[in-house]
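What follows is a short report on a single structure.
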Amino acid sequence: QVQLVESGGGLVQAGGSLRLSCAASRRTFRGYAMGWFRQAPGKEREIVAAISWNDGRTNYPDSVKGRFTISRDNAKNTVYLQMNSVKPDDTAVYYCAAGYYYTSESIRDYLYWGLGTQVTVSS
């Protein structure tokens, strides 16, 4: 069962911007922290951003800090990832997920997942 659906991926030039969206059901959104993860070929899935349920706290790894911004619209059950100044190393399949802890960087702490959207950054 698909419980979250990502959109907005595609091809973008290095230095450009892209905005990803994730549409969730109320059951897989309300009360949960939301995260964005990515997985490149031959690499493990890694977190790129997380946000708490309703107090605006966020968490980013150093690799994207200052370039990516996560946000959510709780009235629409939607989470976003604004990607600025993208680099070829950002190329990956991007997944959104719902979990208990916005501070967690482990995929094991997330309960619900989308199927992903491809982001390709050309040099």
Side-chain angles (χ1 to χ4, degrees):
Q1 291 287 331
V2 177
Q3 297 173 295
L4 304 101
V5 180
E6 302 93 340
S7 62
L11 178 65
V12 62
Q13 292 184 335
S17 297
L18 203 65
R19 190 192 194 205
L20 306 183
S21 298
C22 175
S25 69
R26 183 179 178 89
R27 187 180 71 86
T28 59
F29 187 89
R30 185 173 180 83
Y32 289 105
M34 299 296 296
W36 284 96
F37 293 76
R38 68 186 181 189
Q39 188 165 23
K43 296 185 179 295
E44 294 186 351
R45 192 170 298 186
E46 63 178 359
I47 197 166
V48 296
I51 187 167
S52 60
W53 157 236
N54 65 356
D55 62 8
R57 291 178 291 179
T58 56
N59 188 33
Y60 304 94
D62 289 341
S63 60
V64 308
K65 192 173 298 182
R67 299 189 299 119
F68 292 5
T69 302
I70 189 171
S71 62
R72 66 193 297 167
D73 186 336
N74 289 351
K76 297 180 178 179
N77 296 327
T78 302
V79 62
Y80 306 95
L81 184 69
Q82 179 67 45
M83 305 168 61
N84 295 332
S85 302
V86 296
K87 305 174 181 179
D89 284 348
D90 295 324
T91 296
V93 177
Y94 283 71
Y95 302 87
C96 67
Y100 288 121
Y101 315 111
Y102 85 98
T103 54
S104 176
E105 298 181 351
S106 174
I107 63 172
R108 294 170 295 182
D109 291 325
Y110 285 80
L111 303 178
Y112 307 109
W113 293 83
L115 295 180
T117 185
Q118 176 72 46
V119 172
T120 302
V121 181
S122 62
S123 59

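What's counted below: heavy atoms across the whole structure, side chains too, no hydrogens, waters or symmetry copies. Predicted model only: the values in this text are computed from it and were never measured.
- Residues satisfying the side chain to side chain donor-acceptor pair (under 3.5 Å) test with Thr28, not counting sequence neighbours, are Ser25.
- What you find for Val121 and Val86 is that their closest heavy atoms are CG1-CG2, 3.8 Å.
- Using a 3.5 Å distance cut-off with no hydrogens or angles, the side chains of Ser17 and Asn84 do pair a donor with an acceptor.
- How far NZ of Lys43 is from CZ of Arg38: 10.0 Å, rounded to the nearest 0.5 Å.
- Met83 and Leu11 are assigned to two separate hydrophobic clusters, defined by single-linkage of ILVMFWY side chains at heavy-atom distances under 4.5 Å.
- Under the 3.5 Å distance criterion, the side-chain polar atoms of Gln3 are left unmatched by any main-chain donor or acceptor of Tyr112.
- Atom CH2 in Trp113 sits 9.0 Å away from atom OH in Tyr95 (nearest 0.5 Å).
- Closest of all the heavy-atom pairs between Ser85 and Arg67 is O-NH1, 3.1 Å.
- Ring centroid separation for the pair Trp36 and Phe68 does not come in under the 6.0 Å cut-off.
- Side-chain contact between Tyr102 and Met34 is absent, with no heavy atoms from C-beta onward closer than 4.5 Å.
- Going from atom SG of Cys96 over to atom CG of Leu20 covers 9.5 Å, rounded to the nearest 0.5 Å.
- The two residues Glu105 and Asn59 have their closest heavy-atom pair at OE2-ND2, 3.8 Å.
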Walk me through whether Arg57 and Asp55 qualify under salt bridge (charged side-chain N to carboxylate O under 4.0 Å, His left out).
CA-CA 6 Å; Arg57 291 178 291 179; Asp55 62 8; 2.6 Å; yes
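- Minimum interatomic distance between Lys65 and Tyr60 (heavy atoms only, all atoms of both residues): CE-O, 3.4 Å.
- Taking the ring centre of Tyr80 as origin, the terminal cationic atom of Arg19 falls inside the region bounded by 6.0 Å and 45° from the ring axis.
- Nearest heavy-atom pair, Tyr110 versus Ala33, reported as atom, atom and distance to 0.1 Å: CE2-O, 4.4 Å.
- A cation-pi arrangement is present between Arg72 and Phe29 under the rule of less than 6.0 angstrom and at most 45 degrees off the ring axis.
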